[in-house]
Number of protein chains: 2
Amino acid sequence: MSGRLYIALLHHPVLDRHRRVITSAVTNADIHDIARSAKTYGVRRSYIVTPIAEQADLVNAIIGHWTRGAGGTLNPARREAMEAVEVAGALEDAVAAIAANESGPVRTVATGARLEGPCISHGRLRELLEAGDSAYVLLFGTGWGLAGELIERSDYRLQPLAGRGPYNHLSVRSAVAVTLDRLAGLKR
Amino acid sequence: MSGRLYIALLHHPVLDRHRRVITSAVTNADIHDIARSAKTYGVRRSYIVTPIAEQADLVNAIIGHWTRGAGGTLNPARREAMEAVEVAGALEDAVAAIAANESGPVRTVATGARLEGPCISHGRLRELLEAGDSAYVLLFGTGWGLAGELIERSDYRLQPLAGRGPYNHLSVRSAVAVTLDRLAGLKR
């Protein structure tokens, strides 16, 4: 990946099936898959965002198992991926941590299968990344997607992924992988 | 997706970390994520391939929960995706089931992060799909990937996915999603 790209996986504020704002539970496969995709495509760091202390402890225990514990010894490739993952209590904390390590502004980019309004294409975001003036954080929502308030205050909205028909229900793990592949823009 | 495309997720013969041929265990998240990606991108059917009867029973119980049971009532989108998933005892059984529903030949396409030898690009496979002369089955390996014997007797090898660096450890769930997105070849 050219450019300075980060990921935030949000468990709050996100929607449930009735479009109510909730805090979702952390999923082990999300952490692993996002860590692996991020490392493969050159994302700088990924933040697992949850405001619940017990959930943050759980994520830290998982990361610790694969970075300092038995998992990392058994599977060095997984350790390498997990070393670039950490927990944040809120998106603002993740953005502050990124800003502390980067020069220039940090721009947030909301993603979602049902985003409306002005969206930027993957090609355009790739150009912005290559221009290098800002660091960018892709925001992915668990549950039924990011809450409206969070979309409203993000700097950009990324054009939704879509197949050829009306069905569009990728897992967040799959959406992360496809988004990074599109942003990498390699020859196909 | 233009064309007649199928997926087979293989749990045997696949490799373990020491490159030994094993039978891997079924993973719940694989079934769900592949079902959702397949439905989103217009894959006709997906086959979860395992020679172990108890594992086949488990997969059938999961599929049943989401197609005929409480899961499908709660989440109709998941039901729709799961209705296009079934179990097969061996790749040959899956290919025979596909052949019974399709005219013309059924071509197998091996995938993997470390495939060597002559590979076809995603763009070329997209052209073959659009030409419509054959049905195609993408073969994905769990564990550390497809066993050599299976790669040897497949009709094609698909160019490995890769990011920009040497690290290339996507989950099979992520690899399925990215592969289908590349084959769909939609405007980015």
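Naming: A, B, ... by sequence-line order, numbering from 1 per chain. Quick caveat: nothing in here was measured; it's all calculated off a predicted structure.
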Rounded distance [0.5 Å steps], NZ in A/K39 versus CG in B/N168: 12.5 Å
Would you say that more than 12 heavy atoms from the other residues, nucleotides or ligands in this model lie under 6.0 Å from the CD of B/E116, or not? no
Would you kindly confirm whether A/Y136 and A/L158 end up in one hydrophobic cluster when ILVMFWY residues are joined by side chain heavy atoms under 4.5 Å apart? yes
Is there a chain of hydrophobic side chains (I, L, V, M, F, W, Y, each step under 4.5 Å between heavy atoms) that links A/I63 to A/I98? no
Give me the atom names and distance for the closest heavy-atom approach of A/L170 to B/R36. O-NH2, 3.2 Å
Could you tell me which residues in residues 70-81 of chain B have at least one non-hydrogen atom under 4.5 Å from a non-hydrogen atom of chain A, sorted by residue number? B/L74, B/N75, B/A77, B/R78, B/E80, B/A81
Cluster link B/L138 to B/L128, ILVMFWY, side chain under 4.5 Å: yes
Who passes side chain to side chain contact (heavy atoms under 4.5 Å, CB included) against B/L91, sequence neighbours left out? B/A8, B/L10, B/V95, B/L139, B/L150
Supply the atom-to-atom distance A/R173 CZ to B/S37 OG, rounded to the nearest 0.5 angstrom. 9.5 Å
same_hphob_cluster(A/V21, A/V172) at 4.5 Å side-chain heavy-atom cutoff: no
same_hphob_cluster(A/V49, A/I62) at 4.5 Å side-chain heavy-atom cutoff: no
For a quick test of reading the model, state the closest non-hydrogen atom pair linking B/D33 to A/S171 and the distance between them. OD2-OG, 3.1 Å
